[in-house]
Asks: 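The structure follows.
Numbers here simply count residues along the sequence, with the first being 1. Atoms within each ligand, like the ligands themselves, are counted from 1 in listed order.
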Amino acid sequence: MVIASYLPNVRDQYEAYPFPKREPEDERRRLIQCELDMLGKINHFGFAGRQSFGPGFRALVAGGGTGDAAIFLAEQLRRRGRAGRVTYVDISQSSLDTARKRAEVRGLTNIEWRHDSLLALPDMGLEPFDYINCVGVLHHLADPDAGLRSLASVLKPDGCMGLMVYGRYGRTDIYEIQDLMRLALAGEPDLVHRVAAARTVLERLPPNNIMMRGRDRAAALRFFLDDEPNLVDALLHEQDRPYSVTEIYEFLAGAGLHLVDFTNYHSLNAVCRLEYGPALYLAGLPVLERIRQMPLPVQQTVAEIINGSMGLHTFFAAPREDTRAVPEDDMVPFFLMDHAVEACTAAIEAPPGAIAVTLRLGLKIQLDLAPLTKAVLALVDGQTRLGLLFDRAAAHTSAPRAEVIAAFARDFTTLSNLEWVLLRHKDARAVETLAKKYNN
Ligand SMILES: C[S@@+](CC[C@H](N)C(=O)[O-])C[C@H]1O[C@@H](n2cnc3c(N)ncnc32)[C@H](O)[C@@H]1O
């Protein structure tokens with residue numbers, strides 16, 4: 001247990017205010033589901049659907065905080081029987097203690113605990129990992145590039161990472177308030193006193209302050225005042241740098257990684273993958289055609305700036321390209337979550353033509369599924385491979401099989417971007433999803 005390299009003030013902050021705020025006893029009544037770390041999703045994006053999460057599977061949670069991701073991964077792996085293990089690493093002993101107590105309450109024995117800096121990973125003598133989760137951590141390092149290279153050095157060549165870093169344009173309000181607190185609280189070194197003073201300043205913010213503008217004031221204040229670890233993490237952090245989409249591509253390239261894709265942090269109310277497409281905002285405008293000629297990172301940065309509220313970028317990254325599953329005969333489609341089952345059922349039952357799907361912030365896309373795609377979707381059971389579903393849909397509709405395949409391939413892009421329908425290879429053991437349909 002050697003803390004090799006870390007920022008002392010960052011460590012002190014997370015010793016005093018472990019993040020996020022968690023009570024171990026709450027494990028008796030609920031499991032926090034980190035959507036990024038759903039095995040079915042990791043498999044689809046990071047392993048072309050071919051990962052079985054067997055006994056040798058090893059996951060690392062770097063900067064694991066109070067344990068959400070480590071526990072969710074370990075719980076999913078345990079439910080698979082003889083399955084893989086999770087390694088947790090964090091510089092904060094108090095965060096580690098909370099995470100370990102949560103695991104004890106759940107009776108989880110498949111997590112290895114390391115009180116150390118993720119910068120020390122290459123020297124810890126660990127076996128390389130299949131999957132690395134690092135959420136909300138790298139942007140707090142003095143040298144995030146070194147942090148990402150450290151993670152990459154312990155990732156298997158065919159492994160993948162699930163990462164989250166702060167968004168440059170979506171946190172403008174946060175950075176203004178950080179400036180305010182730095183100025184207003186200069187000369188107050190004690191963190192507990194800083195928190196107390198910050199609370200009083202927040203309560204006096206007028207309606208036109210950037211943090212209050214366009215927001216429900218009471219809710220905006222509660223978000224910080226009822227959750228001091230959150231207040232400290234967001235508004236009083238000593239070390240915090242954001243990334244634009246373009247900067248994320250550069251960040252990854254510097255560690256020999258490719259962006260697999262952005263993903264939905266929470267599918268219902270957080271930044272969604274579709275928000276990275278300029279067409280969501282500029283459909284029908286001539287300028288969109290020009291933007292579409294630009295490199296993908298530029299297109300996505302345009303979307304990021306128009307959107308204005310992508311405070312978190314959540315994405316999968318891997319040393320290899322093409323780690324995402326594609327709709328082929330031997331792939332088994334499944335719904336990831338209950339709301340996806342409901343949404344697809346509604347789409348199947350809707351009369352021909354487009355239906356509106358509402359995303360976060362009231363943003364809408366028009367979903368116009370081909371009747372042949374609907375015929376395939378109606379048969380999805382999480383067990384049957386696409387080849388058979390195509391045969392059956394062709395028989396039901398009397399359409400040529402090639403037409404069924406073409407229709408499904410076209411619509412699958414949107415269905416998987418929404419993360420409603422994902423794929424696993426028929427030879428990969430089915431993973432539990434959060435859709436009750438498969439868990440009864
Ligand atoms: C904002 S919290 C995120 C916790 C967790 N990943 C989550 O999403 O709930 C950041 C965590 O990173 C840890 N951390 C910061 N620098 C670190 C380093 N160099 N090595 C390991 N952990 C670090 C902190 O102690 C803290 O627990």
Asks: Go through the steps for Tyr14 and His237 under the test ring pair (Phe, Tyr, Trp, His ring centres under 6.0 Å), then give the verdict.
Replies: CA-CA 10 Å; Tyr14 288 111; His237 214 291; 5.6 Å; yes
Asks: Which atoms from ligand 1 have a heavy atom of Gly65 less than 4.0 Å away?
Replies: 4 (C), 27 (O)
Asks: Counting only nitrogen or oxygen atoms and a 3.5 angstrom limit, does Val89 reach ligand 1?
Replies: no
Asks: When you compare ligand 1 with Ser117, is there at least one nitrogen or oxygen pair between them that comes in under 3.5 angstrom?
Replies: yes
Asks: What part of Asp68, side chain from CB on, backbone N/CA/C/O, both or neither, has a heavy atom under 4.0 Å from ligand 1?
Replies: neither
Asks: Does Asp116 have a heavy atom less than 4.0 Å from any atom of ligand 1?
Replies: yes
Asks: Ring pair (Phe, Tyr, Trp, His ring centres under 6.0 Å) for His140 and Tyr166? Distances and angles first, verdict last.
Replies: CA-CA 10 Å; His140 294 315; Tyr166 289 148; 5.6 Å; yes
Asks: Name the residue from Asp381, Leu389, Leu422 that meets the side-chain contact (heavy atoms from CB on, under 4.5 Å) definition with Pro333.
Replies: Leu389
Asks: As a check for students: among Asp143, Asn230, Asp90, identify the option with a heavy atom nearest to atom 11 (C) of ligand 1.
Replies: Asp90
Asks: Atom CG of Asp227 and atom CZ of Arg222: how far apart are they, to the nearest 0.5 Å?
Replies: 12.5 Å
Asks: With a cut-off of 4.0 Å, which atoms of ligand 1 are near a heavy atom of Leu118?
Replies: 18 (C), 20 (N), 21 (C)
Asks: Which atoms of ligand 1 are found less than 4.0 Å from any heavy atom of Asp233?
Replies: 1 (C)
Asks: Between Leu121, Val137, Val232, Thr66, which one has a non-hydrogen atom sitting closest to atom 12 (O) of ligand 1?
Replies: Val137
Asks: What do you reckon, does Ile91 put a non-hydrogen atom under 4.0 Å from ligand 1?
Replies: yes
Asks: May I ask you to test the Leu60-Leu118 pair for a side-chain heavy-atom distance under 4.5 Å?
Replies: no
Asks: So, Gln51 and Tyr131: side-chain donor and acceptor under 3.5 Å apart, yes or no?
Replies: no
Asks: Given the ring of Tyr243, does Arg241 sit roughly above its face, with NZ or CZ under 6.0 Å from the centre of the six-membered ring and within 45° of the axis?
Replies: yes
Asks: Between Leu141 and ligand 1, does any nitrogen or oxygen pair lie at a separation below 3.5 Å?
Replies: no
Asks: Given the side-chain rings of His425 and Phe47, with only the six-membered ring counted for Trp, is the space between their centroids under 6.0 Å?
Replies: no
